[in-house]
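We use all heavy atoms of the structure for the numbers below, so side chains are in, but hydrogens, waters and symmetry mates are not. No experiment lies behind these values; they were computed from the predicted model shown.
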Amino acid sequence: MNRRLVLSVLGLCLAFGFAQLGRWQLSREDVKRAQLAAAEAALAAPPRALAPALAGPVEAIDKVAGRARFTATPRLWLDNQRRGQQVGMRLYCAATPVEGGATLLVDLGWLPVAPDRVLPAVGCPEGEHALAGLLVAPPSVGLRLGPGLVEQDGAWLATRLDPAEVSAAWAATPALAPRVLRLDPALPLGHARDLALLGNTLPPEKHRGYAVQWFGLAVATLVILIVLNLRRRR
């Protein structure tokens, strides 16, 4: 009797865990759909000035434009970035709005990676430039496994992009802005890029599909528990 009770409790806990994972996937779908809707609304609106927009919350998505001066900081490469079927890296450089405000990281686009994993031999722009694009939160981090930043060949290689971590590594004073600028592809600056927010992560539809799978496992676990308990009683 005690063994049956223990197994039943474990089965219920397992079903509950599956259901919670399904709920989490649905919440991720909602978050990403909201991000896409906010990006679409921002792109349809007139651009804001870059310097005052930096003071907004990290979750906000703003279409911005303004002039900024690139600073003499190391190149920052974000690893494991897909573009179509290819895997490469994205180059981030730091720039400060000429009107004042926090220094921010600018996404200058994607470059392929050689088989020997040598960093691309390109540098950051110099001087003052006209910038425009979407001011957004950094790419989602996911699980924080291992060091997020390592120094390599005079540059920094990141497995996740966290402006606070970059500020600490660079000893930047003041700290970098919490959002990054996704540079407008029409600008004659940088490398291959677009304004797709979810280009390197799962689209909302995938999260719904995974949610259905988790809920299906929860239902299957409950059905198995019911069947096993009915057989034991007989």
Least distance between heavy atoms, Pro97 atom then Leu54 atom
CG-CD1, 3.7 Å

Taking the side chain as every heavy atom from C-beta outward, state whether His191 and Leu91 have any atom pair closer than 4.5 Å.
yes

What's the verdict on side-chain contact (heavy atoms from CB on, under 4.5 Å) for Met89 and Leu119, showing C-alpha distance, side-chain angles and the deciding distance?
CA-CA 9 Å; Met89 299 180 183; Leu119 297 181; 3.6 Å; yes

Residue pairs involving residues 57-121 (criterion disulfide (SG to SG under 2.5 Å); sequence neighbours excluded)
Cys93-Cys124

Sidechain N-carboxylate O distance under 4.0 Å for Asp62, Arg179:
yes

Work out which heavy atom in Tyr92 is nearest to a heavy atom in Pro139; give both atom names and the distance.
OH-CG, 3.8 Å

Considering the options Lys32, Gln25, Arg33, which one meets the side chain to side chain donor-acceptor pair (under 3.5 Å) requirement together with Glu29?
Arg33

Just by distance, with hydrogens left out, do Thr103 and Thr96 show a side-chain donor and acceptor under 3.5 Å apart?
yes

Under 3.5 Å, side chain of Arg182 to main-chain N/O of Asp194, donor-acceptor pair present?
yes

Can you give me the closest heavy-atom contact between Ile61 and Ala38, atom names plus distance?
CD1-CB, 3.9 Å

Glu126 atom CD, over 12 foreign heavy atoms within 6.0 Å:
no

Considering all heavy atoms of both residues, which atom of Pro74 and which atom of Trp156 are nearest to each other, and what is their separation?
CB-CD1, 3.5 Å

Shared ILVMFWY cluster between Leu228 and Leu222, side chains joined below 4.5 angstrom?
no

Verify the neighbour count for atom CD of Glu128: are there more than 12 heavy atoms of other residues, nucleotides or ligands below 6.0 Å?
yes

Distance from Leu131 atom CG to Leu183 atom CG, nearest 0.5 Å?
6.0 Å

Verify the cluster assignment for Leu105 and Leu195: are they in a single hydrophobic cluster under the rule of side-chain heavy atoms below 4.5 Å apart?
yes

State yes or no: do Leu187 and Phe70 share one hydrophobic cluster built from I, L, V, M, F, W and Y residues joined by side-chain heavy-atom distances below 4.5 Å, directly or via other members?
yes

Side-chain heavy atoms under 4.5 angstrom apart, residues restricted to Ile, Leu, Val, Met, Phe, Trp, Tyr: same cluster for Leu176 and Leu134?
yes

Polar side-chain atom of Gln81 near backbone of Asp79 as donor-acceptor pair, under 3.5 Å
yes

Heavy-atom pair with the smallest gap, counting every atom of Ala155 and Trp77:
CB-CD1, 4.1 Å

To the nearest 0.5 angstrom, please state how far the NE2 atom of His129 sits from the CZ atom of Arg67.
8.5 Å

Above 12 or not: heavy atoms from other molecules or residues under 6.0 Å from CD of Glu205?
yes

What distance do Thr221 atom OG1 and Leu12 atom CG have between them, rounded to the nearest 0.5 Å?
9.5 Å

Value rounded to 0.5 Å, distance of CH2 in Trp170 from CD in Glu151
11.0 Å

What I'd like to find out is whether the side chain of Asp107 reaches to under 4.5 Å of the side chain of Leu181, using heavy atoms alone.
no

What distance do Leu149 atom CG and Thr159 atom OG1 have between them, rounded to the nearest 0.5 Å?
7.5 Å

Ala15 to Ala218 - nearest heavy-atom pair and separation
O-CB, 3.4 Å

Leu76 pairs by side-chain contact (heavy atoms from CB on, under 4.5 Å) with which of Val166, Leu108, Leu157?
Val166

Would you kindly confirm whether Val212 and Val219 end up in one hydrophobic cluster when ILVMFWY residues are joined by side chain heavy atoms under 4.5 Å apart?
no

Under 3.5 Å, side chain of Arg208 to main-chain N/O of Lys206, donor-acceptor pair present?
no

One pair to check against side-chain contact (heavy atoms from CB on, under 4.5 Å): Arg23 and Trp214. What are the steps and the verdict?
CA-CA 9 Å; Arg23 289 183 60 191; Trp214 286 120; over 6 Å; no

Any chance you could measure Arg90, atom CZ, to Leu78, atom CG, to the nearest 0.5 Å?
8.0 Å

Do Arg75 side-chain atoms and Pro120 backbone N/O form a donor-acceptor pair below 3.5 Å?
yes

Sidechain-backbone polar pair: Arg193 side chain, Trp110 backbone, donor-acceptor under 3.5 Å:
no

With heavy-atom distances below 4.5 Å as the criterion, would you say the side chains of Val106 and Val180 are in contact?
no

side-chain contact (heavy atoms from CB on, under 4.5 Å) evaluation trace for Val122 with Leu111:
CA-CA 10 Å; Val122 298; Leu111 285 169; 3.6 Å; yes

